[in-house]
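What follows is a set of notes on a single structure, which appears directly below.
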There are 2 protein chains.
Amino acid sequence: MAKRASHDKAECPVARTVDIIGDEWSLLILRDAFDGLRRFGEFQKNLGLAKNILATRLRHLVAHGILEHAPASDGSAFHEYVLTDKGRDLFHVLVGLRQWGEHHCFQPGEPHSVLVDAQKGQPVRPLEVHAHDGRRLDATDAVVKKVSEQKPRAKR
Amino acid sequence: MAKRASHDKAECPVARTVDIIGDEWSLLILRDAFDGLRRFGEFQKNLGLAKNILATRLRHLVAHGILEHAPASDGSAFHEYVLTDKGRDLFHVLVGLRQWGEHHCFQPGEPHSVLVDAQKGQPVRPLEVHAHDGRRLDATDAVVKKVSEQKPRAKR
DNA sequence: CCGTATCCATTCCGATACTG
DNA sequence: CAGTATCGGAATGGATACGG
């Protein structure tokens, strides 16, 4: 009865995405994956979550093609979880979360980690949203066009 | 015993952010808030979640300064929930989720809503991450610099 | 070292009834 | 319309023990 709602059929891309990665642990696992963590034990130690939960989340991410579970690239006999291309495309989401946190979740002077350009060591620029023609947009300049409002195309 | 882990003390901005908005309903509420929804009933109807849960989430978002609960701007006697500046800064996160979903969660030809420039009606550009000097970065070009690795400054 | 299996407390979610 | 109160079922999360 109290089955968790699912939005995997929604016409809204946000809903579908949130349905897949919209939970605390998955997002943190992804953060660590972008940080280069690969092994089960690394995730477990770094996140401090129970192994069964980690296993569930990893399975889920693998099932959705975000992580790949493959034999380790180095000689070791173990397997590792690495981001697929699809998973790497979540980069912007993680950067967005990070930048918002840097800006809004710390007291002035309170130390926090920073995302920097690997070459120069400089912090990355804040994300911006741009229109098709390059104009910068903020939240009030953008609207969601619903499917039903879209120009119907050839029947399919 | 099975209390949910909290990351509000983490030094990682992603962890703190995820701690606040890293759950399904909060993210969907925010999506709707960016869509212009304001009233309790609008959220409830559009999301189809129980009122008590919605109330809890809204309270939480208000407590964290992401939404503001104020009397309606129009004449009506009711209150409404509107994004604060802090909340509006989550725009990039939502755009990131949306774009990923548009790209990865739909079959070719399957219809979905689209985020467009309000002026011209054109879809917005895909997000990009840029270095301080403007070079475009992907996930492998950026690294997280931990607090402990940062150059110590004057004692504080 | 990498997971699976089990147990149990807690939390969450949905439905409904009820109040202002 | 906008919530609060309550309830039961479900899923989650944490700990631990166990097998590959």
Side-chain angles (χ1 to χ4, degrees), chain A residues 1-10 15 18-30 32-33 36-64 67-82, chain B residues 1-10 15 18-29 32-33 36-63 67-82:
Chain A
M1 207 207 291
K3 173 120 86 225
R4 204 185 220 74
S6 159
H7 305 90
D8 55 353
K9 298 297 181 200
V18 161
D19 218 44
I20 298 173
I21 58 156
D23 78 275
E24 205 160 330
W25 288 129
S26 296
L27 289 168
L28 291 175
I29 290 169
L30 287 168
D32 283 358
L37 269 58
R38 295 167 164 239
R39 295 260 293 267
F40 188 93
E42 291 178 321
F43 288 109
Q44 207 246 321
K45 181 173 156 199
N46 194 56
L47 295 171
L49 83 175
K51 292 197 286 187
N52 52 352
I53 299 175
L54 176 58
T56 303
R57 288 295 190 286
L58 289 173
R59 236 193 326 263
H60 189 245
L61 292 171
V62 169
H64 282 277
L67 295 178
E68 195 176 11
H69 193 198
S73 46
D74 58 3
S76 73
F78 300 111
H79 288 235
E80 55 187 23
Y81 297 87
V82 294
Chain B
M1 206 208 288
K3 174 121 84 227
R4 201 188 220 69
S6 159
H7 304 92
D8 56 352
K9 297 299 180 199
V18 161
D19 217 46
I20 298 172
I21 58 156
D23 79 275
E24 206 159 329
W25 289 127
S26 296
L27 289 167
L28 292 175
I29 290 168
D32 283 358
L37 269 57
R38 294 166 165 241
R39 295 260 292 268
F40 188 93
E42 292 178 321
F43 288 110
Q44 206 245 322
K45 182 174 157 200
N46 194 56
L47 295 171
L49 83 175
K51 292 198 286 185
N52 52 353
I53 300 175
L54 176 57
T56 304
R57 288 296 192 283
L58 288 173
R59 237 192 326 262
H60 189 245
L61 291 172
V62 169
L67 294 178
E68 196 176 10
H69 192 197
S73 46
D74 58 4
S76 73
F78 300 112
H79 287 234
E80 53 186 24
Y81 296 88
V82 294

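Only heavy atoms go into these numbers, but all of them, side chains included; no hydrogens, no water, no symmetry mates. Residue numbers begin at 1 in each chain, while the letters A, B, ... track the order of the sequences.
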How long is the line joining CZ of B/Arg57 and P of D/dT4, in whole Å? 14 Å

For DNA chain D, which residues of residues 40-56 of chain B approach it to below 4.0 angstrom with any heavy atom? B/Phe40, B/Gly41, B/Lys51, B/Asn52, B/Ala55

Let me know the distance between CG of B/Leu28 and C1' of C/dC13, rounded to the nearest Å. 15 Å

To the nearest Å, give me how far apart CD (A/Glu24) and P (C/dC12) are. 10 Å

Measuring from A/Asp23:CG to B/Glu24:CD, what's the distance to the nearest 0.5 Å? 8.0 Å

Can you tell me if B/Arg39 touches the phosphate of D/dC1, counting only side-chain N or O atoms and a distance under 4.0 Å to OP1 or OP2? no

Separation of B/Arg38 atom CZ from D/dG3 atom C1', in whole Å? 20 Å

Anything below 3.5 Å on both distances counts as a pair; with that, list the stems of at least three consecutive Watson-Crick or G-U pairs involving DNA chain D. C:3-20 with D:1-18

Could you state the OH-C1' distance from B/Tyr81 to D/dC1, rounded to the nearest angstrom? 12 Å

Roughly how many Å is it from CD in B/Glu80 to P in D/dA2, rounded to a whole number? 10 Å

Between the main-chain N or O of B/Phe40 and the side-chain N or O of B/Gln44, is there a donor-acceptor pair closer than 3.5 Å? no

Rounded at 0.5 Å granularity, tell me how far NZ in A/Lys45 sits from CG in A/Asp32. 12.0 Å

If you measure from OG1 on A/Thr56 to NZ on A/Lys51, what distance do you get to the nearest 0.5 Å? 13.0 Å

Could you grab the distance from atom CZ of B/Arg57 to atom CG of B/Leu67, nearest 0.5 Å is fine? 13.0 Å

Parallel, tilted or perpendicular: which one describes the rings of B/Phe43 and B/Tyr81, with boundaries at 30° and 60°? perpendicular

Do B/Ile29 and B/Leu37 touch side chain to side chain, with heavy atoms closer than 4.5 Å? no

Going by heavy atoms in the side chains, are B/Leu28 and A/His7 under 4.5 Å from each other? yes

Contact under 4.0 Å: B/His79 side-chain N or O vs D/dC1 OP1/OP2: no

In Å and rounded to the nearest 0.5 Å, what is the CD to NE2 distance from A/Glu68 to A/His79? 12.0 Å

Expressed in angstrom and rounded to an integer, what is the separation of B/Leu37 atom CG from D/dC1 atom P? 14 Å

A/Leu67 has an atom CG; how far is it from atom P of C/dG3, in whole Å? 12 Å

